[in-house]
**Q** 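Sharing a structure, written as structure tokens. Questions coming.
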Amino acid sequence: MDSIHIQGGVSLQGKVPIQGSKNAALPILAASLLTKETSCIRNCPRIADVYRMVSLLKNLGCKVSWEDGGIRVSPVHVCCGEMRGEAITGMRSSLCLLGAMLSRCGEVVMEYPGGCVIGERPIDLHLVALEKMGVVFSEENERLRAASPEGIHGAEIIFPMVSVGATENVLLAAVLAEGDTVIRGAAKEPEVTALCHYLQSCGAVIEGVGTGELRITGRSGKVLEGADFTVPADRIVAGTYLFGCIATGGNILLEGAPFDQMEAVLRVAEQMGSSCDVTREGIYVQSPKRPKLPPSLRTAPYPGFPTDMQSMALTAMTTGVGHCLIEETIFENRFRVVEPLVEMGADIEILDPARVLVKGVARLNGKAVEAMELRGGAALVLAGLMAEGQTQVSGVAYIDRGYENICRDLRELGARVVSV
Ligand code: EPZ
């Protein structure tokens, strides 16, 4: 199955459970290597990127199995050395294995993680920070070799810009380092916080969790224990269905949504005329037939409006009332969804690589469109929900990297959508 067919014009109604967070599960699975004891990581989403991380851990010699609602990892034997395979190049999030493998083995050779459609995705911040901790990088047969001949030592790391992955890699290197580490300018994304909570449950000492300054006490010579840990719900998946509700004038319950991680998103939803009520079950969202467009929207590191929800917000705005200037400040090429949306009838002007002006139109028309990356692909599915007639979205493999089953979820909300 590589395309999703959507019959548009249906307002989303009903409730949908929110899957576990991809961007929390991946670094936590990597972190399970830091101990020889078994960990059980619960609520991991059944998505392609998690499957790939599981096979990477198995390739490294870990025993890994899906059981009682979680992934059990027994990293007793880890064969140190080279990490191979497209899983590394094809999946940016395996980059967090760098810090984990350095802590576990003291060295690793891996393919350079590739860039992707949304940006060049450099790793300079990772390299500079880890070098300060005693890691030496070199190139070996066009692969990246990292080694810490004298062992990893603590350091004061000051990040000039926020990087989720680089913060995670420094955390993974610091918890077993000789001496303490301070990270200034650390990413505050909830996924970094979840990683800190997992590491703390393994016995790591980390202060300042959730803030931009993290203090990690080195544990040289001592070991971490395994842990039984539950991954939080995925705020980006919850936001995807929230904007689907806004886009179709619906009335839904996002069951188990991590509302405490979604303040900026709920604020924008309310600016667009929706009411969002937080209850024990999750977030109830009621949206007007046509949303109002806020005059501007700017993405920013957490707790700002997430870059991963920019394409969905843009899509929901296309048939709203008014116009909005959207500024993407995190990635340099995250407006790829504009072209297919304009083909469907949207009025979006690209002012420069970082800014678009969207003006609400009466309706979108169904069309065959192609997903070029994960979140843009999800946004095109939302566009299909809004459009008159049928929309076919190809390139579903991108969407499967982050969503367990977007068709199943949307059908639970009354959408007419099938995978073919
Ligand atoms: C994480 O990517 C997420 N992925 C991304 O989600 C998310 O969009 C991003 O953080 C920002 O929140 C995972 O957690 C697996 P960054 P990451 O390092 O860590 C630049 C999704 O849809 N940068 O915070 O790769 C970089 O180019 C994905 O689930 C450097 O310049 O993002 C970008 O412009 C997409 N040098 C900015 O920083 C570096 O060494 C933020 O990147 C590292 C990053």
Side-chain angles (χ1 to χ4, degrees), residues 19-31 44-45 47-50 52-53 56 87-88 90-99 112-132 137 144 157-172 183 185-195 212 231-232 234-240 261 264-265 299-312 328-334 336-337 353-354 371-379 398-404 406:
Q19 69 185 55
S21 164
K22 159 175 99 81
N23 292 349
L26 293 169
I28 288 169
L29 286 165
C44 286
I47 55 176
D49 276 12
V50 168
R52 263 200 285 214
M53 180 60 86
L56 265 171
I88 291 283
M91 189 176 82
R92 161 119 197 146
S93 33
S94 54
L95 187 54
C96 50
L97 279 168
L98 175 59
Y112 281 95
C116 67
V117 158
I118 66 175
E120 192 236 323
R121 314 293 291 271
I123 61 171
D124 55 310
L125 298 175
H126 299 246
L127 304 182
V128 168
L130 291 171
E131 276 168 352
K132 272 195 84 172
F137 291 97
L144 176 67
I157 306 296
I158 302 173
F159 281 123
M161 65 184 286
V162 172
S163 165
V164 170
T167 302
E168 290 167 347
N169 259 328
V170 170
L171 275 164
L172 293 168
I183 308 175
K188 297 183 266 192
E189 271 66 8
E191 296 75 29
V192 174
T193 297
L195 174 62
V231 165
D234 193 312
R235 63 190 172 107
I236 308 298
V237 170
T240 303
Q261 301 174 12
V265 177
T299 64
Y302 193 85
F305 187 86
T307 173
D308 292 348
M309 288 196 215
Q310 179 257 104
S311 297
M312 296 90 175
E328 170 56 56
T329 68
I330 309 291
F331 287 107
E332 66 269 27
N333 193 18
R334 207 161 199 180
R336 294 295 296 263
V337 75
M372 308 295 279
E373 38 89 18
L374 166 54
R375 305 303 174 183
Y398 287 112
I399 301 173
D400 291 345
R401 289 188 52 186
Y403 296 81
E404 279 188 340
I406 196 167

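All figures in this text were calculated on a predicted structure; none of them were measured in a lab. For the numbers below, each heavy atom of this structure counts, side chains included, while hydrogens, waters and symmetry mates do not. In listed order, ligands and their atoms are each counted from 1.
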**Q** Is any side-chain heavy atom of Val164 closer than 4.5 Å to a side-chain heavy atom of Asn23?
**A**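 With C-beta onward as the side chain, the pair stays apart.
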**Q** Which of the atoms of ligand 1 are close to Gly165, meaning less than 4.0 Å from one of its heavy atoms?
**A**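 Answer for ligand 1: 18 (O), 19 (O).
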**Q** Considering all heavy atoms of both residues, which atom of Ala30 and which atom of Met53 are nearest to each other, and what is their separation?
**A**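 Here Ala30 and Met53 meet closest at CB-CE, 4.4 Å.
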**Q** Is there a side chain to side chain donor-acceptor pair (under 3.5 Å) between Thr299 and Gln310? Walk through the geometry before answering.
**A** CA-CA 7 Å; Thr299 64; Gln310 179 257 104; over 6 Å; no
**Q** I'd like to know if Gln310 contacts ligand 1, where contact means a heavy-atom distance under 4.0 Å to any ligand atom.
**A**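 The answer is no, since Gln310 has no heavy atom less than 4.0 Å from ligand 1.
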**Q** Of Thr329, Val164, Leu95, which has the heavy atom at the shortest distance from atom 16 (P) of ligand 1?
**A**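 The option holding the nearest heavy atom is Val164.
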**Q** Looking at Arg334, is its backbone amide N or carbonyl O close enough to the side chain of Glu328 to form a donor-acceptor pair, meaning the two atoms are under 3.5 Å apart?
**A**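 A pair under 3.5 Å: no.
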**Q** Determine the minimum heavy-atom distance between Leu26 and Cys96, stating which atoms define it.
**A**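 Closest heavy-atom pair between Leu26 and Cys96: O-SG, 4.1 Å.
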**Q** Please could you name the atoms of ligand 1 that Lys22 approaches to less than 4.0 Å, counting only its heavy atoms?
**A**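 Every atom of ligand 1 under 4.0 Å from some heavy atom of Lys22: 21 (C), 29 (O).
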**Q** With sequence neighbours excluded, tell me which residues meet side chain to side chain donor-acceptor pair (under 3.5 Å) with Glu189.
**A**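 Listed in chain order: nothing, the list is empty.
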**Q** One residue to check: Asp308. Relative to ligand 1, which of side chain, backbone, both or neither has a non-hydrogen atom less than 4.0 Å away?
**A**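 The answer is the side chain of Asp308.
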**Q** Please could you name the atoms of ligand 1 that Arg334 approaches to less than 4.0 Å, counting only its heavy atoms?
**A**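 Those of ligand 1 that fall under 4.0 Å from Arg334 are 8 (O), 22 (O), 35 (C).
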**Q** Using distance alone, determine whether Ala166 and ligand 1 share an N or O pair under 3.5 Å.
**A**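 N/O-N/O distance under 3.5 Å: no.
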**Q** What about Thr307: any of its N or O atoms under 3.5 Å from an N or O on ligand 1?
**A**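 No - when backbone and side-chain N and O of Thr307 are compared with those of ligand 1, no distance drops under 3.5 Å.
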**Q** State, to 0.1 Å, how close Leu374 and Tyr398 come at their nearest heavy-atom pair, and which atoms those are.
**A**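 Scanning both residues, the minimum pair turns out to be CD1-O, 3.4 Å.
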**Q** Is the backbone N or O of Gly402 less than 3.5 Å from a side-chain atom of Gln19, with the two atoms forming a donor-acceptor pair by type?
**A**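 Yes, because the side chain of Gln19 sits within donor-acceptor range (under 3.5 Å) of the backbone of Gly402.
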**Q** With a heavy-atom distance limit of 4.0 Å, tell me whether Arg375 approaches ligand 1 through its side chain, its backbone, both, or neither.
**A**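 For Arg375, the contact with ligand 1 is made by the side chain alone.
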**Q** Do the non-hydrogen side-chain atoms of Glu191 and Pro232 ever get within less than 4.5 Å of each other?
**A**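 A side-chain contact is absent here, since even the closest heavy-atom pair is not under 4.5 Å.
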**Q** Where on Glu191 is there a heavy atom closer than 4.0 Å to ligand 1, on the side chain, on the backbone, on both, or on neither?
**A**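 Under 4.0 Å from ligand 1, Glu191 contributes no heavy atoms.
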**Q** Is there a donor in the side chain of Tyr302 and an acceptor in the side chain of Arg235, or the other way round, less than 3.5 Å apart?
**A**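 No, Arg235 and Tyr302 have no side-chain donor paired with an acceptor closer than 3.5 Å.
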**Q** Using heavy atoms and a threshold below 4.0 Å, how should the contact between Glu168 and ligand 1 be classified: side chain, backbone, both, or neither?
**A**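 Near ligand 1, Glu168 shows nothing, with every heavy atom at 4.0 Å or more.
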**Q** Say whether Leu374, considering both its backbone and side-chain N or O atoms, lies within less than 3.5 Å of an N or O atom on ligand 1.
**A**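 For ligand 1, there is no N or O atom that lies under 3.5 Å from one belonging to Leu374.
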**Q** Indicate, as side chain, backbone, both or neither, the part of Ile330 found under 4.0 angstrom from ligand 1 when only non-hydrogen atoms are considered.
**A**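 Within the 4.0 Å criterion, Ile330 contacts ligand 1 through backbone and side-chain atoms alike.
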**Q** With atoms numbered from 1 as shown, which atoms in ligand 1 lie under 4.0 angstrom from a non-hydrogen atom of Ile123?
**A**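 Within the 4.0 Å cut-off of Ile123, ligand 1 contributes 39 (C), 40 (O).
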**Q** Is there a heavy atom in Pro122 that sits closer than 4.0 Å to ligand 1?
**A**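 For ligand 1, residue contact (heavy atoms, under 4.0 Å) with Pro122 is present.
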**Q** Would you say Met161 touches ligand 1, if touching means a heavy atom closer than 4.0 Å?
**A**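 In this structure, Met161 qualifies as a contact of ligand 1 - some heavy atom is under 4.0 Å.
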